[in-house]
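Here the structure comes first, spelled out in structure tokens, and everything after it is commentary.
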Protein chains: 2
Amino acid sequence: MADIRDVAQRAGCSIATVSRALNSPQLVRPETLARVQAAAAELKFRPNALGRQLRGERTGLIGVMLPTLGNPVFADCLEGIEAAIDGTGHRLLLVTTQYDPERERNAIETLLQQRVDGLLLTLADAEHSALVDDLSAEGVACQLVYNDAPLRPCVSVDNRAAAAQGVAMLIEAGHRDIVMVTGALHASDRAKRRYLGYGDAMRAAGLTPLPAFEIDFNSGARGERVREWLAQRERDGARPTALFCSNDLLALGVMRALREAGLRVPDDISVLGFDGLAVGELLSPTLATVVQPSVDIGRHAAQRLLAQIDGRAGAVGAVGAASAAGMRDAALGQALILPHEIRRGGTVAAPPRRAAVRG
Amino acid sequence: MADIRDVAQRAGCSIATVSRALNSPQLVRPETLARVQAAAAELKFRPNALGRQLRGERTGLIGVMLPTLGNPVFADCLEGIEAAIDGTGHRLLLVTTQYDPERERNAIETLLQQRVDGLLLTLADAEHSALVDDLSAEGVACQLVYNDAPLRPCVSVDNRAAAAQGVAMLIEAGHRDIVMVTGALHASDRAKRRYLGYGDAMRAAGLTPLPAFEIDFNSGARGERVREWLAQRERDGARPTALFCSNDLLALGVMRALREAGLRVPDDISVLGFDGLAVGELLSPTLATVVQPSVDIGRHAAQRLLAQIDGRAGAVGAVGAASAAGMRDAALGQALILPHEIRRGGTVAAPPRRAAVRG
DNA sequence: CTGAAAGCGCTAACAA
DNA sequence: TTGTTAGCGCTTTCAG
């Protein structure tokens with residue numbers, strides 16, 4: 001593989017000139033430029049990014065860490081990130097963690113060793129994670145994605161308020177026995193906040209929040225679990241009339257289990273999701289859900305990160321004054337809350353009359 | 001940021017010893033090792049991967065290029081890739097192309113400049129792409145993903161045979177008027193091969209293949225287009241009784257348009273997809289489709305790529321003999337065809353009786 | 001406008 | 001077992 005020296009020799013100039021010809025053509029005499037370009041083409045010269053990165057200040061690499069791509073919510077977000085960096089000359093280094101905190105640690109370290117210019121992270125639990133503190137202490141440019149931690153640099157919806165609004169819709173539809181279904185609660189700060197929102201809405205309506213029904217994401221026997229739980233509830237005479245699922249994927253799984261258990265949605269039981277996956281609208285009945293703008297979340301997070309990176313470079317030496325860049329930086333260090341939306345759908349209806357059961 | 005020299009100084013040894021302590025601990029006296037580790041920890045030393053990569057033979061980077069992550073088929077594949085490289089110390093550099101050939105060129109070049117050890121690519125059209133030839137000519141380790149080009153290193157299903165089998169199922173269900181719906185045919189070699197398979201199945205049953213109905217993926221007015229087309233067909237008295245969609249996402253969109261046009265699936269018209277997206281099983285009716293093992297495609301492609309990379313390293317100097325590595329390499333240079341599967345689903349039923357219309 | 005030279009941080013001979 | 005040294009390919013002063 002030809003290197004810059006080969007090109008220089010062939011073009012009859014020094015490697016410095018080749019470098020300039022490639023990076024700052026205007027600094028080079030047109031004639032020389034042409035010779036260099038010709039030489040480069042003939043030798044099929046491919047600049048080695050590693051050399052440049054080692055030497056330079058920035059690598060142009062952005063580290064992206066997501067729990068999984070099996071959930072379209074994250075794939076969508078990644079599309080937004082891609083869209084935002086398109087044309088900026090940045091590239092993406094991608095890692096998934098499967099919601100495993102240890103993998104999170106390792107992944108971040110790996111990304112940092114590659115000297116990424118910045119980090120876009122979705123953590124299992126941002127609030128109790130010391131990682132983010134360490135990162136900001138180290139001065140690493142970083143934005144959290146989906147995590148809504150008020151005091152941290154992140155882009156998300158207001159999970160608590162959004163969930164409350166969704167549940168309020170259920171209540172308005174006439175439901176009183178509403179249970180929230182979640183994955184492992186401890187594994188996701190978003191699920192936790194949504195549960196808080198559920199509680200808010202219940203109490204606001206004078207209802208008592210019920211414990212969440214947690215189902216292990218990774219267990220294959222999800223349908224089984226749901227059926228058992230329903231049977232138990234049935235026996236207690238306390239089958240809920242509506243289920244609020246902490247995310248759409250879970251809602252889909254739950255609905256399948258419901259169907260297999262012989263229950264009709266929404267006739268026998270209503271279901272509300274969270275995320276706003278596009279597929280939800282293609283189902284019949286369509287999935288009622290709390291929509292978060294996943295692509296925009298990714299896009300904004302990436303844009304903020306880029307601004308942060310640029311600001312950082314621009315701020316060098318501008319110590320004295322609270323510059324415009326500094327002002328911007330302050331905003332970038334705080335949460336950006338994007339608007340959510342309630343998507344009404346066929347999976348929510350009025351609760352069935354069950355006077356006989358109750359009486 | 002502390003570098004290896006700082007650590008050496010603090011540990012009271014040379015940088016070579018630090019390097020060894022980090023990479024080959026067994027070559028270093030336990031006591032020295034401990035000193036180095038302590039020093040590294042105290043200084044929060046983070047090895048700079050760029051330095052190592054610039055020096056070394058390999059970077060540990062794998063370049064992945066996919067059309068989009070908006071289609072879960074590719075997200076699933078990426079999950080498979082992730083799974084395969086997990087624990088191997090490789091990292092992923094990800095780029096999406098939106099099916100744009102120019103972006104494909106640029107993306108590959110970018111990846112190569114970063115000195116990736118190998119490439120995992122889904123091209124718009126692998127057969128007519130000179131890119132792959134160039135790559136193998138340059139000796140770049142590379143596997144195509146989803147593209148089934150018989151003579152190239154790739155992992156896919158037999159799109160033609162799979163499509164034929166799916167269409168045969170429609171015919172078996174009693175359909176004779178079957179139209180294939182695709183995105184822009186020229187933009188995807190898979191769609192083209194599936195159309196060939198459609199033709200095979202039709203002719204095998206003594207039927208005449210019909211022209212494909214192409215809908216632009218990127219047009220927002222997809223539903224509109226479908227309705228117009230249907231109306232036209234209706235007027236001609238030639239409304240098909242079944243639609244074979246070149247992928248599941250398209251099938252979902254088509255079904256929605258059908259519904260909006262007042263047609264019931266499968267009562268009025270049957271729909272068959274291709275891909276086997278998980279969501280298809282959650283719909284009601286469930287989506288009949290030709291299933292390709294997306295995760296496995298990704299996994300196998302990554303495994304083959306890793307083998308190729310290792311083989312390459314191992315083969316250095318082993319010029320004389322047709323070594324075992326050489327044998328393996330030969331296989332890695334050819335297509336790996338994974339088995340597909342027909343998933344029967346509620347979207348396919350017998351065609352409606354339309355004696356009155358026909359007569 | 002161009003060239004010489006000094007590294008960026010690390011690994012791997014080669015010596016000791 | 002450890003140290004010295006020569007780069008990997010590139011950018012960027014600083015001179016000319």
Side-chain angles (χ1 to χ4, degrees), chain A residues 1-37 39-40 43-61 89 109-110 112-117 313 316-317, chain B residues 1-37 39-40 43-61 89 109-110 112-117 313 316-317:
Chain A
M1 170 103 280
D3 73 3
I4 200 175
R5 236 168 302 269
D6 302 323
V7 178
Q9 181 165 11
R10 179 148 184 130
C13 66
S14 72
I15 63 169
T17 298
V18 175
S19 177
R20 279 189 286 257
L22 265 28
N23 302 308
S24 326
Q26 74 285 4
L27 294 184
V28 135
R29 186 154 45 100
E31 189 191 313
T32 318
L33 178 58
R35 281 212 320 282
V36 171
Q37 287 171 335
L43 295 171
K44 290 187 202 288
F45 171 62
R46 181 153 34 222
N48 185 329
L50 298 170
R52 177 211 303 261
Q53 290 164 351
L54 181 55
R55 184 73 228 280
E57 179 68 359
R58 280 142 69 161
T59 58
L61 296 171
E109 181 58 26
T110 301
L112 258 17
Q113 290 191 4
Q114 192 69 43
R115 297 305 190 259
V116 294
D117 292 338
V316 171
Chain B
M1 170 103 280
D3 75 2
I4 200 176
R5 235 169 301 269
D6 302 323
V7 178
Q9 180 165 12
R10 179 148 186 132
C13 65
S14 74
I15 62 170
T17 298
V18 175
S19 177
R20 277 189 289 258
L22 266 27
N23 301 309
S24 326
Q26 75 284 3
L27 294 184
V28 134
R29 187 152 45 99
E31 189 192 312
T32 319
L33 178 58
R35 281 212 320 281
V36 171
Q37 287 171 335
L43 295 170
K44 290 190 204 285
F45 171 63
R46 180 150 39 222
N48 185 331
L50 297 170
R52 178 209 303 258
Q53 290 165 353
L54 181 54
R55 187 71 230 278
E57 178 68 0
R58 280 141 69 160
T59 57
L61 295 172
E109 180 59 26
T110 300
L112 258 18
Q113 290 190 4
Q114 192 69 42
R115 296 305 190 260
V116 295
D117 292 337
V316 170

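In what follows, every chain begins at residue 1, and chains take the letters A, B, ... in the order their sequences are listed.
- We find that CG of L112(A) is positioned 15 Å from P of dG9(C), with the value rounded to whole Å.
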Q) Can you give one letter per nucleotide of nucleotides 1-7 of chain D, 5' to 3': B if a protein heavy atom sits under 4.0 Å from the base, S if only from the sugar-phosphate, - if neither? A) SBBB-BB
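- Following rounding to the nearest Å, R58(B) (CZ) and dC8(D) (C1') show an atom-to-atom distance of 17 Å.
- Separating the CD atom of Q114(B) from the P atom of dC10(D) is a distance of 13 Å, rounded to the nearest angstrom.
- Rounding to the nearest 0.5 angstrom, the gap separating the CZ atom in R35(A) from the CD atom in Q37(A) is 11.5 Å.
- The distance from the CD atom of Q114(B) to the CZ atom of R52(A) is 10.0 Å, given to the nearest 0.5 Å.
- Proximity of a side-chain donor or acceptor of D3(B) to a complementary backbone N or O of D6(B) within less than 3.5 Å is detected.
- Protein atom CG of D3(A) is 6 Å distant from nucleotide atom C1' of dG9(D), rounded to whole Å.
- The interatomic distance linking E57(A) (CD) with dT12(D) (P) rounds to 10 Å, in whole Å.
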Q: Report the C-alpha distance between N48(A) and M1(A) in whole Å, list the side-chain angles of each, state the deciding distance to 0.1 Å, and finish with yes or no for side chain to side chain contact (heavy atoms under 4.5 Å, CB included).
A: CA-CA 10 Å; N48(A) 185 329; M1(A) 170 103 280; over 6 Å; no
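- Atoms CD and OG, on Q9(B) and S14(B) in that order, are 12.5 Å from each other to the nearest 0.5 Å.
- Between R115(A) atom CZ and dC8(C) atom P there is a gap of 14 Å when expressed in whole angstrom units.
- For R29(A), the salt bridge (charged side-chain N to carboxylate O under 4.0 Å, His left out) criterion is met by E31(A), not counting sequence neighbours.
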**Q.** Audit row: T17(B), R20(B), side chain to side chain contact (heavy atoms under 4.5 Å, CB included) steps and yes/no
**A.** CA-CA 5 Å; T17(B) 298; R20(B) 277 189 289 258; 3.8 Å; yes
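- Nucleotide dA5(C) holds its P atom 13 Å from the CZ atom of R5(A), rounded to whole Å.
- Taking the side chain as every heavy atom from C-beta outward, L50(A) and Q53(A) approach each other to under 4.5 Å.
- Contacts between residues 46-54 of chain B and DNA chain C, defined by a heavy-atom separation under 4.0 Å, are made by P47(B), N48(B), G51(B), R52(B).
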